[in-house]
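Heads up: numbering here begins at 1 and tracks the sequence.
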Amino acid sequence: MKVIRFYILLIIGMLSFSVKAQQSPNTLNVFQDTLIKISARVVASQNDAQKLEINGGFVKTLVDALKVSNSFSYPFDSLKNVSVIKSPDQAFRILSWYILLENGTYRYYGAVQMNTKSGPLKLYPLIDQTDNLGDANSITNNQKWLGARYYEIVPVTSGNRLPYYVLLGWKGNTQMTTKKVIDILSFNKDNLTFGAPVFDGKELKGKNRIIFEYAKSNAMTLKTDLKAGMIVFDHLASFDPEIKGKFEYYGSDGTFDGFKIIGGRLKLQEDITLNNDPNSSDEFYADPKKNVKPIRKF
């Protein structure tokens, strides 16, 4: 019911936009200050019900802020709980965040805001259905989202095909494990799709997204590396060779793999050598202000 309520709040906020807002940037500063105060109340909440209720107010206020004319260019960079990243081609941006629940699991929230210049707000609410997806590899849409907090977007184009976007995200999981994801976002007219079979490599046939899971006490690198010209990541393995499939015992084995974009597909490159040391910090997002350039290798 909480997920449905979140979705309804976003839809109501979007439908209520009938006249283009003409507020000044100062209006967005006021909205940001309000959102900061609401997010602090979420963190200070004593139980899940209270957190989710206050977060509902956060959602409504955020939608109101995005209705303001030219809101797409407003960074919300003082709103530390929300990751705001733009696609390098400036076509859209993703706002994503999470709530840590009492049992150590996470609920994710987000929206895709299209760049409509000064036109009406076009927003896709992202509805976290992690617990209800029978198959985490399935191709989904914004209403059946495998929630994550995204920190990097890589556009991929090839020939006359529509571009798709590689999303790198952090996905806190349980008290025992953390996840990171490589998901695929594509647009077709007014439809938004997550997941696509664009991965090539050993045991990757039919994969629509890549999900890494490892011990919560450990760290994992997953990022674009401009020197290597690919998306690089730690190779994960069990600390005990006799224990496989129990991801609370998994961590980096000191080697690295990567995906190189060739012919519009992500080709697995195993046991690569990096020219620069990877950042092994397990922070969930890179600074979106750095606006990493797309990696294109065809």
- request: Scan residues 30-42 for pairs that pass side chain to side chain donor-acceptor pair (under 3.5 Å), counting only residues two or more places apart or in two chains.
  value: Gln32-Tyr74
message: With rounding to the nearest 0.5 angstrom, report the CD to CG distance, Gln129 to Asn142.
response: 11.0 Å
query: Taking all non-hydrogen atoms of both residues, which atom of Asn47 and which atom of Gln50 are closest, and how far apart?
result: OD1-N, 2.8 Å
- prompt: Run the side-chain contact (heavy atoms from CB on, under 4.5 Å) check on Ile210 and Phe199 step by step: do they pass?
  reply: CA-CA 9 Å; Ile210 306 297; Phe199 301 94; 3.6 Å; yes
task: Start with the C-alpha distance between Lys202 and Glu270, add both sets of side-chain angles, then the distance that settles salt bridge (charged side-chain N to carboxylate O under 4.0 Å, His left out), and finish with yes or no.
output: CA-CA 10 Å; Lys202 185 173 61 177; Glu270 296 184 289; 3.7 Å; yes
- prompt: Below 4.5 Å, heavy atoms only, C-beta onward: do Val166 and Ile182 meet side chain to side chain?
  reply: yes
field: Donor-acceptor under 3.5 Å (Asn141 side chain, Lys144 main chain)
entry: yes
message: Looking at Arg149 and Asn81, would you say the former's side chain and the latter's main chain have a donor-acceptor pair under 3.5 Å?
response: yes
message: Surrounding CD of Glu102 (heavy atoms of other residues, nucleotides or ligands, distance under 6.0 Å), is the total greater than 12?
response: yes
task: Please check if the side chain of Tyr108 supplies one atom and the backbone of Gly172 the other of a donor-acceptor pair under 3.5 Å.
output: yes
- request: Calculate, to the nearest 0.5 Å, the distance between atoms CG and CZ belonging to Asp271 and Phe256 respectively.
  value: 10.5 Å
Approximate separation, where rounding is to 0.5 Å, of Leu95 CG and Leu66 CG: 6.0 Å
task: Supply the atom-to-atom distance Leu146 CG to Thr130 OG1, rounded to the nearest 0.5 angstrom.
output: 4.5 Å
message: Quick check against the 3.5 Å criterion: does Asn115 have a side-chain atom that pairs as donor or acceptor with the backbone of Phe92?
response: no
Ring centroid separation Phe247 to Phe212 under 6.0 Å: no
- request: Would you name the heavy atoms of Thr157 and Pro163 that are closest together and state the gap between them?
  value: CG2-CB, 3.4 Å
- prompt: Are Val30 and Phe76 connected in a single hydrophobic cluster, I mean Ile/Leu/Val/Met/Phe/Trp/Tyr linked by side-chain heavy atoms less than 4.5 Å apart?
  reply: no
- prompt: Distance from Ser186 atom OG to Ile139 atom CD1, nearest 0.5 Å?
  reply: 8.0 Å
message: Give me the atom names and distance for the closest heavy-atom approach of Ser138 to Asp135.
response: OG-O, 2.8 Å
message: Main chain of Gly147, side chain of Asp128: is a donor-acceptor contact present, judged purely on distance under 3.5 Å?
response: yes
message: Between Val84 and Pro75, is there a side-chain heavy-atom distance shorter than 4.5 Å?
response: no
ring-ring contact (aromatic ring centres under 6.0 Å, His included) involving Tyr164 - partner list, sequence neighbours excluded: none
task: Starting from the C-alpha separation in whole Å, work towards a yes-or-no answer on side-chain contact (heavy atoms from CB on, under 4.5 Å) for Val154 and Thr224.
output: CA-CA 8 Å; Val154 181; Thr224 56; 3.5 Å; yes
task: Would you check, one step at a time, whether the test ring pair (Phe, Tyr, Trp, His ring centres under 6.0 Å) holds for Phe233 with Phe259?
output: CA-CA 9 Å; Phe233 50 91; Phe259 283 110; 5.5 Å; yes
- line: Closest heavy-atom pair, Asn55 versus Val42, reported as atoms and distance to 0.1 Å, is N-CG2, 4.0 Å
- request: Please examine the side chains of Gln113 and Leu121, heavy atoms only from C-beta on, and report whether any two atoms are closer than 4.5 Å.
  value: yes
query: Who are the salt bridge (charged side-chain N to carboxylate O under 4.0 Å, His left out) partners of Asp240, not counting sequence neighbours?
result: none
query: Do Leu101 and Val43 share a hydrophobic cluster (ILVMFWY, side-chain heavy atoms under 4.5 Å, transitive)?
result: no
Lys216 to Tyr106 - nearest heavy-atom pair and separation: NZ-OH, 3.1 Å
- prompt: Charged N to carboxylate O below 4.0 Å: is that the case for Lys180 and Glu213?
  reply: no
query: Given the rule in the side-chain contact (heavy atoms from CB on, under 4.5 Å) test, do Asp253 and Leu236 qualify, once you have shown the distances and angles that lead to the verdict?
result: CA-CA 6 Å; Asp253 66 1; Leu236 301 177; over 6 Å; no
message: Please find the pair of heavy atoms, one from Ile231 and one from Leu168, that lie closest to each other, and give the distance.
response: CG2-CD2, 4.2 Å
query: Looking at residues at least two apart in the chain, or sitting in another chain, which of them share a side chain to side chain contact (heavy atoms under 4.5 Å, CB included) with Glu248?
result: Met176, Thr177, Lys246
task: Determine the sole option in Tyr151, Tyr98, Tyr214 for which the ring-ring contact (aromatic ring centres under 6.0 Å, His included) test with Trp170 is passed.
output: Tyr98
- request: To the nearest 0.5 Å, tell me how far Leu185 CG sits from Tyr124 OH.
  value: 9.5 Å
field: Contacts of type salt bridge (charged side-chain N to carboxylate O under 4.0 Å, His left out), residue Asp183, not counting sequence neighbours
entry: Arg209
field: Check: Gln269 side chain, Lys267 main-chain N or O, donor-acceptor pair, under 3.5 Å
entry: yes
task: Let me see the working for Val82 and Phe58 under side-chain contact (heavy atoms from CB on, under 4.5 Å), right down to the final yes or no.
output: CA-CA 11 Å; Val82 178; Phe58 182 93; 3.7 Å; yes
- prompt: Less than 4.5 Å apart, any side-chain heavy atom of Ile99 and any of Leu52?
  reply: yes
query: Between Phe194 and Tyr150, how do the two ring planes meet: parallel, tilted or perpendicular, split at 30° and 60°?
result: parallel
task: Before accepting this row, confirm whether a basic side-chain N of the pair Asp190/Lys122 lies closer than 4.0 Å to the acidic partner's carboxylate O.
output: yes
- prompt: Going through the checks in order, is the side chain to side chain donor-acceptor pair (under 3.5 Å) test met by Tyr165 and Asp89?
  reply: CA-CA 10 Å; Tyr165 301 86; Asp89 59 8; 2.5 Å; yes
- request: Please tell me if the side chains of Leu126 and Ser96 come closer than 4.5 Å, counting only heavy atoms from C-beta onward.
  value: no
query: Would you say Leu167 and Ile184 make side-chain contact, with heavy atoms under 4.5 Å?
result: no
field: Face-on cation placement of Arg93 at Phe72 ring, 6.0 Å and 45° thresholds
entry: yes
query: Who are the salt bridge (charged side-chain N to carboxylate O under 4.0 Å, His left out) partners of Lys117, not counting sequence neighbours?
result: none
task: Please check if atom NZ in Lys51 has more than 12 non-hydrogen atoms from other residues, nucleotides or ligands closer than 6.0 Å.
output: yes
query: Is the closest side-chain heavy-atom distance between Asp200 and Leu266 below 4.5 Å?
result: no
field: Min side-chain heavy-atom separation Lys171-Thr178 under 4.5 Å
entry: no
